[in-house]
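Working notes for the structure below.
All residue numbers refer to positions in the sequence shown, counting from 1.
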Amino acid sequence: MDSTELTTVRFTSADLPEKDRVAIWREQYGRLSMKLDIEPLEDTQFECSVVARMLPGVQVMTTAMSPVRITRTREFLADNNGDLIFIINQTGRAIANACGREVVLCEGDALLMNTSEVKVFDRYSHGGSLSFRIPRSILASLVVDVDDVVMQLIPQDTDALKLLAGYAAPLFNDIALATPEFRRTAVNHLHDLVALALGATYDASDAANGHGLPAARLRMAKAYIIENSNRRDLSVGAVAAHLGLTARNLQRLFESEGTTFSEFLLVQRLNRAHRMLTEPRLAQSAVGAIAYDAGFGDLSYFNRSFRRRYGTTPRAVRNDLTKTEQAPRN
């Protein structure tokens with residue numbers, strides 16, 4: 001557990017004795033923890049790994065499994081849990097049965113399932129999935145007649161679905177959820193993207209308040225820029241291509257917050273340079289080398305921009321660090 005608001009659970013069948021692997025997994029993880037029954041489909045070695053992050057209002061889980069049948073029987077319905085689970089089948093092929101319907105999931109397809117229903121999920125080959133368990137009350141507030149979209153195929157080419165998968169991947173990195181504010185923002189965007197994948201719509205006021213597809217795309221753009229700000233060839237076109245947008249559409253997303261792509265990128269590079277200048281292990285690195293490593297190609301431009309943002313020069317920041325390091329310790 002990382003904090004009271006962020007819990008991470010990791011377990012893998014590789015940690016279990018091979019001869020008892022299925023029995024232990026079924027009893028300890030399947031029946032007790034996940035309220036599911038698990039049965040290998042083929043006479044092959046059972047393999048399964050799970051990483052789950054529990055956040056306020058959503059559980060994000062990634063799984064990889066050998067061929068298996070997963071069943072939620074009436075026995076497990078006694079827990080009265082009515083959460084909804086949005087599942088993206090990332091690799092392999094699977095078939096879900098519930099509510100009298102059968103849905104075949106190819107790679108990239110998704111569907112919504114209800115934990116209050118008896119269900120069978122068959123995975124016929126090694127594969128993996130990404131799932132989001134969300135309280136029904138939350139999705140019902142975002143999606144009109146949410147029960148009507150349970151067990152409906154969401155095809156892989158759905159825009160919001162592709163964005164959701166890309167948005168969720170960094171959330172298994174502790175840095176992405178380092179503060180309560182980051183966690184709240186991430187959860188809100190996950191709710192919005194799941195709702196959009198299910199067919200919800202948002203009006204202009206929702207977008208202005210940080211909800212919907214535009215807000216999620218802008219956050220993804222910012223995260224990508226922060227991670228890659230040291231690349232001197234990073235451009236609005238490159239980031240837009242990464243997100244599947246046009247450069248003009250990406251510029252509009254930044255303009256909606258009263259800034260520009262270039263301004264945001266500059267701030268991230270300056271922040272990176274400032275952190276490097278105050279890092280003791282880099283005390284012997286030249287200021288020019290740090291500017292270069294932070295993504296700047298012009299030292300004069302770096303010095304002007306740094307002074308404008310911090311009110312001092314890079315060399316002065318470096319000298320302050322040196323004085324601190326050389327100061328006698330009591």
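- Linking ILVMFWY residues whenever their side-chain heavy atoms come closer than 4.5 Å, directly or via other members, leaves Ile95 and Leu130 in distinct clusters.
- Between Glu117 atom CD and Arg101 atom CZ the span is 10.0 Å, to the nearest 0.5 Å.
- The shortest side-chain heavy-atom distance between Phe86 and Leu139 does not fall under the 4.5 Å cut-off.
- Minimum heavy-atom separation, Thr312 to Phe306: O-CD2, 3.4 Å.
- With Ser13 as the fixed residue, the side chain to side chain contact (heavy atoms under 4.5 Å, CB included) test singles out one of Met65, Gln45, Glu18, Arg21: Arg21.
- In terms of modelled atom types and a separation under 3.5 Å, the side chain of Asn89 and the main chain of Leu105 share a donor-acceptor contact.
- Sorted by first then second residue, the ring-ring contact (aromatic ring centres under 6.0 Å, His included) pairs that include residues 219-254, not counting sequence neighbours, are Tyr224-His242, Phe254-Phe264.
- Under the 4.5 Å side-chain criterion, counting only non-hydrogen atoms from C-beta, Phe132 is not in contact with Ile87.
- Side-chain contact check for Ile85 versus Leu112: every heavy-atom pair is 4.5 Å or farther apart.
- Under the 3.5 Å distance criterion, the side-chain polar atoms of Thr158 are left unmatched by any main-chain donor or acceptor of Ala160.
- Between Ile24 and Pro17, the closest heavy-atom pair is CD1-CD, 4.2 Å.
- Between Leu198 atom CG and Leu196 atom CG the span is 9.0 Å, to the nearest 0.5 Å.
- For residues 291-303, the set of pairs meeting the side-chain hydrogen bond (donor to acceptor under 3.5 Å, both in side chains) definition, not counting sequence neighbours, comprises Arg232-Tyr292.
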Worked check of side-chain contact (heavy atoms from CB on, under 4.5 Å) between Val287 and Leu277: CA-CA 8 Å; Val287 170; Leu277 287 166; 4.3 Å; yes
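- Interatomic distance, Ser285 OG to Arg318 CZ, rounded to the nearest 0.5 Å: 6.5 Å.
- Between the CE atom of Met151 and the SG atom of Cys99 there is a distance of 6.5 Å, given to the nearest 0.5 Å.
- Within the 4.5 Å cutoff, no side-chain heavy atoms of Leu84 are placed close to those of Thr115.
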Test side-chain contact (heavy atoms from CB on, under 4.5 Å) applied to Leu16 and Val22, step by step: CA-CA 9 Å; Leu16 305 175; Val22 175; over 6 Å; no
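- Within the 4.5 Å cutoff, the side chain of Glu47 has no heavy atoms near those of the Thr12 side chain.
- Under the side chain to side chain contact (heavy atoms under 4.5 Å, CB included) criterion, Gln156 pairs with Asp109, sequence neighbours left out.
- Within the 3.5 Å criterion, the main-chain N or O of Val50 finds no donor-acceptor partner in the side chain of Arg10.
- Note: Ile138 CD1 to Leu190 CG = 11.0 Å, rounded to the nearest 0.5 Å.
- Taking SG from Cys48 and CD1 from Ile38, the interatomic distance works out to 6.0 Å, rounded to the nearest 0.5 Å.
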side-chain contact (heavy atoms from CB on, under 4.5 Å) evaluation trace for Arg133 with Val58: CA-CA 5 Å; Arg133 185 167 183 155; Val58 63; over 6 Å; no
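- Taking all atoms of both residues into account, the shortest heavy-atom contact from Ala98 to Lys119 is CB-CB, 3.8 Å.
- Although no hydrogens or angles enter the test, the distance criterion places no donor-acceptor pair under 3.5 Å between the side chain of Arg184 and the main chain of Pro56.
- Cluster annotation: Ile226 is not connected to Val267 through the hydrophobic network of ILVMFWY side chains, with a link wherever side-chain heavy atoms come within less than 4.5 Å.
- Evaluation of the side-chain hydrogen bond (donor to acceptor under 3.5 Å, both in side chains) test over residues 144-153, restricted to residues two or more places apart or in two chains, returns Arg136-Asp147.
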Worked check of side-chain contact (heavy atoms from CB on, under 4.5 Å) between Ile88 and Leu164: CA-CA 9 Å; Ile88 303 175; Leu164 172 61; 4.0 Å; yes
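- Residues that satisfy the side chain to side chain donor-acceptor pair (under 3.5 Å) test with Asp122, not counting sequence neighbours, are Arg69, Tyr124.
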side-chain hydrogen bond (donor to acceptor under 3.5 Å, both in side chains) assessment of Arg93 paired with Ser125: CA-CA 6 Å; Arg93 182 173 176 270; Ser125 62; over 6 Å; no
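- Of all heavy-atom pairs between Ala110 and Leu161, the closest is CB-CD1, 3.7 Å.
- Residues Val104 and Val149 are members of separate hydrophobic clusters, defined by side-chain heavy-atom contacts under 4.5 angstrom among Ile, Leu, Val, Met, Phe, Trp and Tyr.
- A heavy-atom distance below 4.5 Å is not found between the side chains of Val118 and Arg72.
- The shortest side-chain heavy-atom distance between Glu39 and Thr71 does not fall under the 4.5 Å cut-off.
- What you find for Leu250 and Ala221 is that their closest heavy atoms are CD1-CB, 3.7 Å.
- The two residues Met113 and Ala96 have their closest heavy-atom pair at CE-CB, 4.1 Å.
- In summary, the side chains of His274 and Tyr310 do not present any donor paired with an acceptor at a separation below 3.5 Å, with no hydrogens or angles considered.
- Shown are Gln90, Met61, Arg123; of these, the side chain to side chain contact (heavy atoms under 4.5 Å, CB included) with Ser129 is made only by Arg123.
- For the residue pair Arg269 and Ser229, no side-chain donor N or O sits within less than 3.5 Å of a side-chain acceptor on the partner.
- Other residues, nucleotides and ligands contribute more than 12 heavy atoms inside 6.0 Å of the CZ atom of Arg309.
- Side-chain contact between Phe261 and Leu253 is absent, with no heavy-atom pair separated by less than 4.5 Å.
- Residue pairs that meet the side-chain hydrogen bond (donor to acceptor under 3.5 Å, both in side chains) test with at least one member in residues 251-264, sequence neighbours left out, are Lys222-Glu257, Arg248-Glu255, Asn249-Arg252, Thr259-Glu263.
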